[in-house]
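As the structure is a prediction and not an experimental result, all values here were calculated from the model.
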Amino acid sequence: MDIKRPRQKLDDRKILLAHGSGGRLSRELVSGVFRKIFSNRYLDELDDSAVLDNIFTAGDRICFTTDSYVIEPIFFPGGDIGKLAVCGTINDLSVMGAVPVYISCGFIVEEGFPVNLLEKIAKSMQRAADEAKVKIVTGDTKVVPKGYCGGVYINTAGIGVIRKKLILAVDRIRAGDMILVNGSIGDHGFAVISAREKFKFGGNIKSDCSALNDLIMKLVSAGLRIKFMRDPTRGGLATVLNEIVENREFSIMLEEKKINIREEVKTLADLLGLDPLYMANEGKVVIVIDCRDAGKALGLMKRHSLGRSGSLIGEVVRRPEGKVFIKTASGGMRIADMLVGDQLPRIC
Amino acid sequence: MKNSDFSYFHNEKICRYFLDRIEDLNNGENTCFMEVCGTHTQAFFKYGLKSLIPENIRLISGPGCPVCVTPNERIDKIIACSKDRNNIVSTFGDLYRVPGSASSLEKEKASGANIIILYSPAESLDIAQKNPDKKVIFFGVGFETTLPVIAVTLLEAKKRNLKNWLLFSAHKIIPPAMEVLVKSSELNLNGFMCPGHVSAIIGSKPYRFIAEDYKIPCVITGFEPVDILQGICMLLQQHVAGENSVEIQYRRAVREEGNKKAVELLQEVFEPADSVWRGIGNIPASGMKLKNEYSDFNAEQVIKIDFQPGSKEPSGCICGEILRGIKNPSQCRLFRKKCNPENPVGACMVSSEGACAVYYRYG
């Protein structure tokens, strides 16, 4: 019996297990969503692997990274899982001093996920990639049965190039170096908590999710004596700084007054008993820089749209404990230790 | 808090003013004040105030972290509730990792128990509404600050006719515990820094007997650096002058008569009962239990809990002595070794306001 079913437009449909089976529906999903949105000459071939142009010259080094993105809610103020997956990988490459060039993406989608949302996520990824001048060159989709994942998970990997001469390493850090950050901290973590818990307050907090490659390259190409960079994502600023001083002969002294924390973040943090120093950021970079170049770096940073509220938050000091200290606004001093486990909201 | 408030209450010059006053009043003798509230312990360290006050003036932590004083029996019993897959246990984050005699809610969740961390008790009502075939048990822990909110939640459950919302209560009130501490010969206290938020509810009168009968100065204090330094200053002033009264430093939140409406709500739903405190033992009329007319919401009366009494405290752990103020965390041989925030042995290492967690993190 041959029954012709009217073909639904992909837009109105939900992801079915068959979309991941490798058959006709898989092809439809790839050509109807991903190829349409990500289209570029590498991806359009739809081969098993993307064949890429050589971007390296003698002495350059290849920088290669991967990260998986699992976030609830998938859409949050200031971004979504797609933008996060592209920016996150760009930032991981950028803080190594690399120019990000190619990105891959793997989707794990839950059966029943609306195709139009998948499209929205893909568009957001392409927008982020365009802005950062990187190309999404290859990808993969798998579908898991309903209840096996929270909507959609994305893995991205990225390739970048580190031009010769540039050497960034914790080993190069010396007492007297300064610590530079490009703006307010904790925004992403609190934006996601507010969206997830649907708080009626803290609604103005937006994630800082953004690609940092342009800002970082402006600083790197200015020939400044940058010693080390890191993006303070999970675990936040305090965790990154603790990783820097761990088992070292130096410590870091921060000035609380210089650390930029938005008023609404401060309020929410107080209320929930969470510390912004340990909350995730997705558009921040911590730069350890020779003090002779710190002022110039700050000046350059402040002229960039992602660094307007940047500040020098502290310095590397000759204290052998290998700890992060904070001079508090009230004139006291304390340690900011490594975060253990998750921060959990408290009772009162 | 507005920015202007932040800059006032963290202002280095104002802090310096009170530090100078403390220096002037300081007679060099060993002086010991107890901050009853865990939020004070945390603020004292977090703002680096410990590094600023003279060494002979000691602030010791008291039994004011609600998670810390909850005895293992309560933890074990709620864990037993969570093992029944017909139940959903909902609670605040601090309680999630507290070790009981053999397990914790965190470990039970990993084994498949239905445990949900809340930001507000009201969320548990929505969970109950969405899961009519399950019993949703709210594990309520806290002092006078939390009790009115729990009372409101329960009254709302009643209004919404939610028959599957239940309270498992480990609520306590502060003044009876303070009396036990001043009566004991273990401590030689020169003053109490009384909890700001608890006092916003109960006012200053409930502490009067401490000042009048036991001759101990009391100052109800706020939680910002300027508050705490001014609080120490006021305690020192009373101590040096040989005066004993209850003063309010935290005027912007606390009135002598407290918050009458909140107290009425609390008394509508709860009544005093004996309660066991970790490290201290049973204190008469120091707990708050649901009144009989609300027994339909009392988890321990409504559901059968498969629970064997005989809870044990972990060996070597000195949480009890820390909560009584006679030892500090660094005197514990497990501290920073077997006991750390990743693998807490005792409750004081779990809550962000627990003395051990605060010493670990900021010390």
Donor-acceptor pairs under 3.5 angstrom involving side-chain atoms of residues 11-22 of chain B: please list them, not counting sequence neighbours.
from	atom 1	to	atom 2	distance (Å)
B:Asn11	OD1	B:Lys13	N	2.7
B:Asn11	OD1	B:Ile14	N	3.1
B:Glu12	OE1	A:Lys257	NZ	3.2

So does [X] have more than 12 non-hydrogen atoms from other groups sitting under 6.0 Å from [atom1]?
X: B:Arg58; atom1: CZ; result: no
X: B:Glu23; atom1: CD; result: yes
X: B:Lys338; atom1: NZ; result: no
X: A:Glu249; atom1: CD; result: no
X: B:Arg85; atom1: CZ; result: yes

For the residue pair [X] and [Y], what are the closest heavy atoms and their distance?
X: A:Thr328; Y: B:Tyr47; answer: OG1-O, 2.7 Å
X: A:Asp337; Y: B:Arg336; answer: OD2-NH1, 4.4 Å
X: B:Leu49; Y: A:Ser330; answer: CD2-OG, 4.1 Å

- Item | Interchain contact, A:Ile326 with chain B, by part (heavy-atom threshold 4.5 Å) | neither
- Would you say B:Ser51's side chain and A:Met333's backbone share a donor-acceptor pair under 3.5 angstrom? yes
- Query: Quick one: does A:Arg334's side chain have a donor or acceptor within less than 3.5 Å of a partner on B:Tyr362's backbone?
  - Reply: no
Pairwise distance [atom1]([X]) to [atom2]([Y]) - rounded to 0.5 angstrom:
X: A:Met338; Y: B:Arg361; atom1: CE; atom2: CZ; value: 13.0 Å
X: A:Asp270; Y: B:Glu224; atom1: CG; atom2: CD; value: 6.5 Å
X: B:Tyr119; Y: A:Glu197; atom1: OH; atom2: CD; value: 4.5 Å

- Note on the structure: Applying a strict 4.5 Å limit to non-hydrogen atoms, the region of B:Phe45 in contact with chain A is backbone
